[in-house]
Amino acid sequence: MKKLNILAAGAAFTFAAVGAAQAQTSPTLEATKQRGQVNCIVSEATAGFSSPDDKGVWRGIDVDVCRAVSSAIFGSPDKVKFIPTTSKVRFTALQSGEGDILSRNTTWTLVRDVNLGFEFTGVTFYDGQGFMVRKSLGVKSAKELDGASVCVSTGTTTELNLADYFRANNMKYNGVVIEGADAIIKAYESGRCDVYTTDKSGLAGDRTKLSAPDEHMILPETISKEPLGPSVRHGDQAWGDIVRWVQYAMIEAEEYGVTSANVDDLKANSTNPVHRRLLGVEGDLGKMLGLSNDWAYNVIKQVGNYGESYERNVGPSTRVNIPREGSPNALWTKGGLIYAIPVR
C-alpha cells in the first residue's frame, strides 16, 4: 500500500506539473499580440538568409523563421517588422528588447548562449567558415594564404576563427576588419584585400553580388563549425518554446511529407496520427504553447515545411545554389543532421 501511495503521489505531482506548464504565460507573446507584430532582427542583406528583394519584400531562411512564428501566433505570415542590423549591434538589439527574435545567420556558441544571456532555439542551417579569392591570385588552398590581406566582419566568430586558423597553421595575415556586409563586399571587390572570409553560405550569396562572379572562387577548406539559428532572450522560456516548436514543426512536416500544397488534404483526410497531431485535428498542443490548435497548420500552409523554405531560398534553383544532398542540411533520414524533436 505504501508503494501504491508513493506512485499515486508521483502521478499527482506529474499532472500538477503538466497543468502548471500549460498555465505558463509569455510576456513577450503578450507584448507581441498587443502591438500586432513580431519584431525580428535580421541581417542587412545576406542572400538566401535575409535580404529584401527588388520590391522591398524580405526573403530568406532566417526571414521564414519569423514569418512562421507570425503565422503560428496571428494566422498570417505578414505580421512581422524586420529590423536589419550589422553583426556588431545585433546582440544589443536583442538584449535591449528592440527585437523579439534574433534570426540573423548567427552561430550558436557557449558564450552567446550563457554569457550574453540568449537562448538558441534550434539550428536552421549547418554552416562552416571558408575563404573566397580571385582566380587570378592563383591560390588553390587556404594553406597558401600566408601573408595575405583578409577582409573580415567585426564582432563575429568569423574574426576569431580566422585568427585561430592562421595561428594553427603557422601563417600570418593582415586583417582588414570592416563593419557591414555590403561594405565588406565593396572592400574586397575594390582590392583592399586579397581574401574575403565568412560562412560559406554567405560567400556563395555574396559572390553573386560581384560584378564578375566567375572571376572568383571559394576555396575547398571549411575551417569551423557554424550552427546557425535564431535566439531569444533568457527569462521568457515560454516564448523560447514557441520559436523552438515552430522550427521543429517545419522539420517534422518535411519528415512526414506535409507540404504547403497538400496540407489541406491531409488535415481533412489523413488518418496518420502524426499528421493529425501536427495539424491540430487531435490533441491540445497549441494550448500548451498559448496558441490555437491550428498553429502548425498555419505555419505549413503559409510558409511551408523546412525543405520548401530551403529550396526556395538557397537551393540549387536559386542564385545562392547550395545543394542539400550529402550535406549536414539534409534530413537525418538522408544522412544529414536536420532532425525534429517529436511534436507530440
Side-chain angles (χ1 to χ4, degrees), residues 36-71 74 76-90 93 98-106 124-125 127 132 134 151 153 156 178-190 196 198-218 228-230 250 259-261 298-324 329:
Q37 66 183 23
V38 179
N39 289 341
C40 180
I41 303 164
V42 293
S43 68
E44 296 170 296
T46 301
F49 288 81
S50 53
S51 182
D53 64 16
D54 55 4
K55 296 181 180 178
V57 178
W58 285 88
R59 309 284 185 190
I61 286 181
D62 290 338
V63 167
D64 280 353
V65 170
C66 294
R67 291 195 187 280
V69 172
S70 172
S71 293
F74 298 108
S76 166
D78 300 322
K79 304 291 186 179
V80 185
K81 176 184 178 182
F82 293 104
I83 304 168
T85 63
T86 64
S87 298
K88 188 175 181 179
V89 304
R90 57 183 159 166
E98 184 178 356
D100 305 311
I101 306 170
L102 171 63
S103 189
R104 190 200 176 284
N105 55 297
T106 298
T124 51
F125 191 91
D127 212 340
M132 182 162 64
R134 295 169 186 80
C151 281
S153 179
T156 61
I178 301 171
E179 183 177 358
D182 288 341
I184 293 176
I185 297 168
K186 289 178 181 178
Y188 170 70
E189 188 159 35
S190 70
Y196 171 27
T198 190
D199 296 344
K200 281 192 166 181
S201 63
L203 292 177
D206 289 342
R207 181 173 171 271
T208 67
K209 300 177 184 178
L210 300 174
S211 58
D214 290 342
E215 295 179 6
H216 303 262
M217 62 183 290
I218 298 172
L228 309 180
M250 293 177 72
T259 70
S260 58
N298 288 332
V299 168
I300 300 160
K301 176 69 176 178
Q302 296 167 5
V303 181
N305 65 32
Y306 176 83
E308 290 179 279
S309 176
Y310 188 103
E311 291 304 320
R312 71 168 168 261
N313 291 305
V314 298
S317 65
T318 70
R319 62 177 185 168
V320 181
N321 187 16
I322 306 175
R324 289 180 79 188
N329 294 302

query: Strictly by modelled atom types, are D127 and S201 linked by a side-chain donor-acceptor pair under 3.5 Å?
result: yes
field: Side chains of S51 and T46 in contact at under 4.5 Å (non-hydrogen atoms)
entry: no
- prompt: Is a side-chain N or O of E215 found less than 3.5 angstrom from the main chain of A212, in a donor-acceptor match?
  reply: no
- request: Could you please spell out the steps behind the side chain to side chain contact (heavy atoms under 4.5 Å, CB included) verdict for N105 and F125?
  value: CA-CA 8 Å; N105 55 297; F125 191 91; over 6 Å; no
field: Check: D199 side chain, G202 main-chain N or O, donor-acceptor pair, under 3.5 Å
entry: no
- prompt: Would E308 and S260 satisfy side-chain hydrogen bond (donor to acceptor under 3.5 Å, both in side chains), going step by step from the backbone distance to the final call?
  reply: CA-CA 8 Å; E308 290 179 279; S260 58; 2.6 Å; yes
- prompt: Side chain of S103, backbone of V63: donor and acceptor closer than 3.5 Å?
  reply: no
query: Is R67 salt-bridged to D78, cutoff N-O under 4.0 Å?
result: yes
Flag for E189-S211: side-chain donor and acceptor within less than 3.5 Å: yes
- line: d(D206 CG, I184 CD1) to nearest 0.5 Å is 8.0 Å
field: Nearest-0.5 Å distance that lies between atom OG1 in T124 and atom OH in Y310
entry: 11.0 Å
message: If we count only N and O atoms by modelled type, under 3.5 Å, do the side chains of T156 and S87 hold a donor and an acceptor together?
response: no
E179 side chain to S153 side chain, donor-acceptor N/O pair below 3.5 angstrom: no
- prompt: Does any non-hydrogen side-chain atom of I83 lie less than 4.5 Å from one of R90?
  reply: no
task: Examine distances only and state if a side-chain atom of N39 and a backbone atom of D100 form a donor-acceptor pair shorter than 3.5 Å.
output: no
message: What's the separation between atom CZ in R134 and atom CG in L210, rounded to the nearest 0.5 Å?
response: 8.5 Å
- prompt: Quick one: are I218 and K200 in side-chain contact, heavy atoms under 4.5 Å?
  reply: yes
statement: Looking only at heavy atoms, the pair that brings F74 and G36 closest together is CZ-C, 3.7 Å
- line: Of all heavy-atom pairs linking G304 and M250, the shortest is O-CE, 3.4 Å
message: For Y196 and H216, I'd like to know if the aromatic rings sit close, meaning centre-to-centre distance below 6.0 Å.
response: no
message: If I take atom CZ from residue R312 and atom CZ from residue R59, how far apart are they, to the nearest 0.5 angstrom?
response: 8.5 Å
message: Determine whether a donor-acceptor pair (N or O, by modelled atom type, separation under 3.5 Å) exists between the side chain of S309 and the backbone of Y306.
response: no
Heavy-atom side-chain contact between K209 and D182 under 4.5 Å: yes
Close side-chain approach of V320 to T208, heavy-atom, < 4.5 Å: no
Pairing of D214 and R207 as salt bridge, 4.0 angstrom limit: yes
Residue pair A47 / R319: nearest heavy atoms and the distance that separates them: CB-NH2, 4.0 Å
- prompt: Can you name the nearest heavy-atom pair linking A183 to I178, along with the distance?
  reply: CB-CG2, 3.7 Å
- request: State, yes or no, whether a side-chain contact exists between N313 and F49 at a heavy-atom distance under 4.5 Å.
  value: no
- prompt: Under 3.5 Å, is there a donor-acceptor pair between the N298 and S71 side chains?
  reply: no
Spatial distance of atom SG (C40) from atom CZ (F82) [nearest 0.5 Å]: 5.5 Å
- prompt: Quick one: CE on M217 to CG on L203, what's the gap to the nearest 0.5 Å?
  reply: 12.0 Å
task: Check whether any side-chain N or O of S50 sits under 3.5 Å from a backbone N or O of S43 as a donor-acceptor pair, and report yes or no.
output: yes
- request: Decide yes or no for Q37 and V80: does some side-chain heavy atom of the first lie under 4.5 Å from some side-chain heavy atom of the second?
  value: no
field: Lys/Arg-Asp/Glu bridge criterion (N-O < 4.0 Å) met for R104, D62
entry: no
- prompt: Can you find a heavy atom in the side chain of V42 that is under 4.5 Å from one in the side chain of T85?
  reply: no
